[in-house]
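Nothing fancy with the numbering, it's 1 onward along the sequence.
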Amino acid sequence: MCGLAGQRGSGNRSRGGGLSRPPQDRPGRVLLIFVDGVGIGPGDEGINPLAAADLPTLDAVLRGARPIAEDIPPRGLEAPGVRLTGIDANLGVEGRPQSGTGQTALLTGTNAPKILGRHFGPWVPTALRDLLLQRNLFRTAAEAGHTVAFANAYPSGFLEPGGRGARWPGAMPLAAHLAGVLVRNERSVRESDGLVSSITTERWRRHVDPRAPDLTPPLAGEILARIAGRYRLTVFAHFDTDHVGHEGDLAEGVAAIERVDAFLGGVLAQMSDDLLVLLTSDHGNLEDTTLGHTRNPVPLLAIGPGADSLSERVRSTADVAPFILGLLAE
């Protein structure tokens, strides 16, 4: 993909440039990039890493705008082949949204916190695991005849009895496991056919596999784009943004979102013309380093064919999976 241009300096935004890709009617493939714990908050550079960071990819795609409250009009930001809107993560339930119920809602198209009676996280509560088995996005897409990939690699046996994730499973790997697509492991990372959730591999090389390649964020993004080129639906999940948000360190938050931006740049550089890239989250957190989880809307960014229908069809996190399945069925 070409045509990414425009930079944001300190206190100064360029409104030129943007996405040069001509819009198409519908995608042949969908890539969902899940970024945990990122909401749309006020553009205060003293507390919001999304306002303070250097984000050349997002600045170019959004023509200098940011995923902050002041930059997103009620109908969302619009450019040819690009949409950015804020979607509701609260789902009519009191309290601050959490990852277990939030990701379950995102993956199943149901109001998971309302079913449970509260927001819950970080793992999937036992009461919602059968729902995740029956209705998760991976399984539903596969049963409709689509090829499906979960691009994340996990250590071998991660969800097996005694594995690291078996006791308190997160929604993303659990849904992939229940659908039979949690198949990427140490070998996949070595062969550039799987990515670790942290995007780069420093911790993976230290704690899991010292033979893994040393990946930069742009290179990891390119690998993800190549994986997505082989499947109708590909999902990648990144969790460091939520972890950093809980630490409340602005500098760490800036580094975390800059890593995501560089990763997205790698994806866009290699994405096929028929690919729709969707980036979204489950709840707010990183956008306010003084608060922790928030009730802010979360971003839903769409780039590529099919993006133009986003604002009319997705209003909450529970609308994301039905939106994707509808696109695949068209």
Student: Assess whether a salt bridge exists between Glu186 and Arg205, defined as any Lys/Arg side-chain N lying under 4.0 Å from an Asp/Glu carboxylate O.
Tutor: no
Student: Looking at Arg66 and Asp59, is any side-chain nitrogen of the basic one under 4.0 Å from a carboxylate oxygen of the acidic one?
Tutor: yes
Student: Tell me the side chain to side chain donor-acceptor pair (under 3.5 Å) pairs involving residues 113-141, sequence neighbours left out?
Tutor: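 Checked against side chain to side chain donor-acceptor pair (under 3.5 Å) - neighbours excluded - the pairs reaching residues 113-141 are Arg139-Glu143.
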Student: With a 3.5 Å cut-off and no angle check, do the side chains of Gln103 and Asp282 form a donor-acceptor pair?
Tutor: yes
Student: Just checking, is any N or O donor in the side chain of His293 or Gln98 under 3.5 Å from an acceptor N or O on the other one?
Tutor: yes
Student: Is a side-chain donor or acceptor of Asp36 paired with a backbone partner of Ser99 at a separation under 3.5 angstrom?
Tutor: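 Such a contact is absent between Asp36 side chain and Ser99 backbone.
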Student: Among Leu300, Val314, Leu301, which residue meets the side chain to side chain contact (heavy atoms under 4.5 Å, CB included) test with Thr85?
Tutor: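 The side chain to side chain contact (heavy atoms under 4.5 Å, CB included) with Thr85 is passed solely by Leu300 among Leu300, Val314, Leu301.
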Student: Is it true that Ile227 and Val189 fall in one hydrophobic cluster, defined by side-chain heavy atoms closer than 4.5 Å?
Tutor: no
Student: Sub-3.5 Å donor-acceptor pair from the side chain of Ser281 to the main-chain atoms of Val35, do we have one?
Tutor: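 Here the side-chain-to-backbone pair exists.
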Student: Spell out, as yes or no, whether a donor-acceptor pair under 3.5 Å connects the side chain of Thr280 to the backbone of Pro299.
Tutor: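 Yes, because the side chain of Thr280 sits within donor-acceptor range (under 3.5 Å) of the backbone of Pro299.
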Student: So which pairs with a foot in residues 44-64 pass ring pair (Phe, Tyr, Trp, His ring centres under 6.0 Å), sequence neighbours left out?
Tutor: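 Pairs touching residues 44-64 that pass the test: none.
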Student: With sequence neighbours left out, write down each residue that passes ring-ring contact (aromatic ring centres under 6.0 Å, His included) with His238, or none if nothing qualifies.
Tutor: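 Partners of His238 by the ring-ring contact (aromatic ring centres under 6.0 Å, His included) criterion come out as none, since no residue qualifies.
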Student: Indicate yes or no for a side-chain donor-acceptor contact from Arg29 to the backbone of Leu233 under 3.5 Å, with no hydrogens or angles considered.
Tutor: no
Student: Where the side chain of Asp261 meets the backbone of Thr57, is there a donor-acceptor pair that is under 3.5 Å apart?
Tutor: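 Yes; judged by distance alone, with no hydrogens or angles, the pair exists.
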Student: Is the centre of the Phe150 ring less than 6.0 Å from the centre of the Tyr231 ring?
Tutor: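 No, they do not, as the ring centres are separated by 6.0 Å or more.
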Student: Can Asp193 and Arg184 be counted as an ion pair, charged N to O under 4.0 angstrom?
Tutor: yes
Student: Verify salt bridge (charged side-chain N to carboxylate O under 4.0 Å, His left out) between Asp88 and Arg315, making sure each step is shown before the conclusion.
Tutor: CA-CA 6 Å; Asp88 173 51; Arg315 302 297 177 87; over 6 Å; no
Student: For Leu328, does its backbone N or O pair with a side-chain atom of Glu330 as donor and acceptor, under 3.5 Å?
Tutor: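 No, Glu330 side chain to Leu328 backbone: no donor-acceptor pair under 3.5 Å.
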Student: Any donor and acceptor pair, going by atom type alone, linking the side chain of Thr201 with main-chain N or O of Trp204 inside 3.5 Å?
Tutor: no
Student: Near Arg187 CZ, under 6.0 Å, is it more than 12 heavy atoms from other residues, nucleotides or ligands?
Tutor: no
Student: What do you reckon, is CZ of Arg203 surrounded by more than 12 foreign heavy atoms closer than 6.0 Å?
Tutor: no
Student: Quick check against the 3.5 Å criterion: does Asn152 have a side-chain atom that pairs as donor or acceptor with the backbone of Val196?
Tutor: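 No, Asn152 side chain to Val196 backbone: no donor-acceptor pair under 3.5 Å.
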Student: Quiz question: by atom type and distance under 3.5 Å, do the side chains of Thr200 and Ser198 form a donor-acceptor pair?
Tutor: no
